[in-house]
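Encoded as C-alpha cells, the structure appears first; notes follow it.
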2 protein chains.
Amino acid sequence: MTEDRPSNEGFLQIGEAAEQTGLTQRTLRYYEEKGLLRPPSRMDGGFRLYSQDDIERVENIRQLKELLGFSLADIKEMIEAEDVRIQVKAQWRKDAAIAEKVEEIKKALAATRHQVELIDQKVAKMTEMREQLATRAGNYERWLAEREVPAIS
Amino acid sequence: MTEDRPSNEGFLQIGEAAEQTGLTQRTLRYYEEKGLLRPPSRMDGGFRLYSQDDIERVENIRQLKELLGFSLADIKEMIEAEDVRIQVKAQWRKDAAIAEKVEEIKKALAATRHQVELIDQKVAKMTEMREQLATRAGNYERWLAEREVPAIS
DNA sequence: ATCAACCTTGACGCGCACGTCAATGAATGC
DNA sequence: GCATTCATTGACGTGCGCGTCAAGGTTGAT
C-alpha cells in the first residue's frame with residue numbers, strides 16, 4: 001500500500017492542488033506571482049505546500065473570475081478583505097492594538113458589502129436580460145404554434 | 001441652427017454610434033471584422049451608417065460581454081439566433097420555403113432557451129455567493145458590535 | 001546510488017480584445 | 001477652392017492570462 005505520495009498532513013503539493021481546483025500549476029504560480037495568493041508554505045526542498053485555507057481561497061478566486069468575469073486585478077482588491085479575515089483569525093490573542101484591528105475589520109466589512117452590491121447589480125441586470133430572452137422565446141413559440149400543423153382536426 | 005452633422009435619417013455614423021454605445025470606433029470595426037456585427041450600410045463615400053437595429057445589437061453584445069463575461073467567440077455563436085430573427089423580420093412575405101424558416105426559428109428558439117439556461121445557472125451561483133458574503137458581513141458586524149464601545153452604559 | 005516522478009525558477013510565446021499611429025479620402029462650412 | 005472635421009483601411013503595439021519549453025533541483029522507493 002504505497003501512500004499516495006504527498007501525504008503531508010493535509011497539505012497539498014502544487015500538482016494535487018491544481019488537480020483539486022481544476023486550474024493548472026502554472027496558474028497557481030501565476031496567481032501567487034500577482035499577489036492573489038499569499039506565498040504558501042514550503043517543504044525543505046522548496047516545494048510548495050498548500051493549506052486547506054489556500055485551496056479555499058483559490059476556489060474563491062476561480063468563482064470570482066469564471067463566474068462573475070472579474071479581472072485578476074479586480075479580484076486582488078476584493079480579496080484583500082479576506083486577507084484581513086485570515087490575519088485576524090491567526091494573530092488573534094497576540095492582541096495589542098485592538099483599535100487597529102477594528103479599523104481593518106471595518107474596511108473588510110465595507111469591501112464585503114461592496115461585493116454584495118456588485119453582485120446584486122449584476123443579478124438585477126441578468127434578470128432583466130433573462131426576461132427579454134424569455135419573451136423572445138415566447139414569441140418564437142407562438143410563431144411556431146401558429147403555422148405548425150394544426151394536426152388532429 | 002446647424003444640424004449636428006450626420007442627420008442621416010435616423011442612421012448614425014461610426015462616431016456617434018461609438019458615443020451612444022460607450023464603445024470606441026475601433027471596437028465597432030473590430031466587432032464587424034469578427035462577424036459579430038453584420039456589415040452596416042454605407043454612405044456613397046464609404047462611411048458606415050448604423051441603423052437602430054445595429055445599435056441595439058451592439059448594446060446587446062456589450063451586455064453579453066461586460067455583464068456575463070462571455071468571450072466574443074461565445075457571443076458570436078449566441079447572436080446567430082438574433083440574425084435569424086432579423087432575417088425573418090426582413091424577408092418575411094417574400095415567402096417561399098416556409099419549412100426552412102420553421103427550421104431556422106426552431107434553432108433560434110433552442111439557442112435562446114440555452115441562453116436563458118446559462119443565465120439562470122449564473123444567477124443561481126451568484127445568489128449562492130451573495131449569501132456567503134452576506135453571512136461574512138454579518139460576522140464582521142457582530143464582531144464589531146461585541147467590542148465596540150457599549151457607549152451609554 | 002540510482003531512477004522516476006515531481007518540483008523549482010526563468011524566459012519566451014500566444015491568443016484575445018482591442019489601442020494607436022499613419023496615410024489617405026469624404027463631407028461640410030466659409 | 002480651401003480648411004476643418006470626420007471617416008477609411010492597414011499595420012504594428014499592448015496588456016492580460018496564462019501555455020510551453022528548458023535546465024536544473026528534490027523526493028521517495030528500490
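Annotation: B/E19, atom CD; neighbour count of heavy atoms from other residues, nucleotides and ligands within 6.0 Å does not exceed 12. The number of heavy-atom neighbours closer than 6.0 Å to CD of B/E100, taken from other residues, nucleotides and ligands shown, is 12 or below. In B/E80, the CD atom is crowded: over 12 heavy atoms of neighbouring residues, nucleotides or ligands sit closer than 6.0 Å.
Separating the CG atom of A/L28 from the P atom of D/dC18 is a distance of 10 Å, rounded to the nearest angstrom. Summarising the geometry, the separation between CZ on A/R42 and C1' on C/dC6 is reported as 14 Å, rounded to the nearest angstrom. As rounded to whole Å, 16 Å separates atom P of C/dT9 from atom OH of A/Y30. Taking atom CZ on B/R29 and atom C1' on C/dC21, their separation rounds to 13 Å, with Å as the unit. Computed from coordinates, the B/E33 CD to C/dC18 P distance equals 12 Å when rounded to whole Å. The separation between A/I75 atom CD1 and D/dG17 atom C1' is 11 Å, rounded to whole Å. One interatomic measurement links the two molecules: CD of B/E32 to C1' of C/dC18, which rounds to 15 Å at whole-angstrom precision. As a whole-Å value, the separation of B/L23 CG from C/dA17 P is 13 Å.
The phosphate of D/dC18 has OP1 or OP2 within less than 4.0 Å of a side-chain N or O from A/Y31. Look at B/Q13 and you'll find a side-chain N or O under 4.0 angstrom from OP1 or OP2 of D/dA7. For D/dC18, neither phosphate oxygen OP1 nor OP2 lies less than 4.0 angstrom from any side-chain nitrogen or oxygen of A/T24. Between D/dG19 and A/T27, a contact under 4.0 Å exists linking OP1 or OP2 to a side-chain N or O.
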Worked verdict on B/R38 versus B/E32 for salt bridge (Lys or Arg N to Asp or Glu O under 4.0 Å): CA-CA 6 Å; B/R38 297 156 311 149; B/E32 184 182 339; over 6 Å; no
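No hydrogens or angles were tested; on distance alone, a donor-acceptor pair under 3.5 Å links the side chain of A/R26 to the base of D/dT20.
Under a cutoff of 6.0 Å and an axis angle of 45°, A/K101 and B/Y140 do not form a cation-pi pair.
For the pair A/T135 (side chain) and A/E131 (backbone), a donor-acceptor distance under 3.5 Å is present. Between the side chain of A/D54 and the backbone N or O of A/S51 there is at least one donor-acceptor pair closer than 3.5 Å. Using modelled atom types, one side-chain atom of B/R62 and one backbone atom of B/T21 make a donor-acceptor pair closer than 3.5 Å. Remark: side-chain polar atoms of A/T127 are paired, donor with acceptor, to backbone N or O of A/V123 under 3.5 angstrom.
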Dump the pairs, protein N or O against N or O of nucleotides 22-25 of chain C, anything under 3.5 Å, distances to one decimal.
none

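Electrostatic pairing of B/R113 and A/E141 counts as a salt bridge here, judged by a charged N lying under 4.0 Å from a carboxylate O.
Sorted by residue number, the list of members of residues 49-72 of chain B with any non-hydrogen atom under 4.0 Å from DNA chain D is empty.
Within the 4.5 Å cutoff, side-chain heavy atoms of A/Q20 are placed close to those of A/I55.
B/N139 and B/R142 share a side-chain donor-acceptor pair at under 3.5 Å.
The side chain of A/Q25 lies closest to C/dC7, out of C/dC7, C/dT9, D/dT8.
Axis angle, first five pairs versus last five pairs of the helix from C/dA1-D/dT30 to C/dC30-D/dG1: 10°, rounded to 10°.
Where B/D44 and B/A73 meet DNA chain C, the nucleotide closest to each residue was compared, and B/A73 sits on the side nearer the 5' end.
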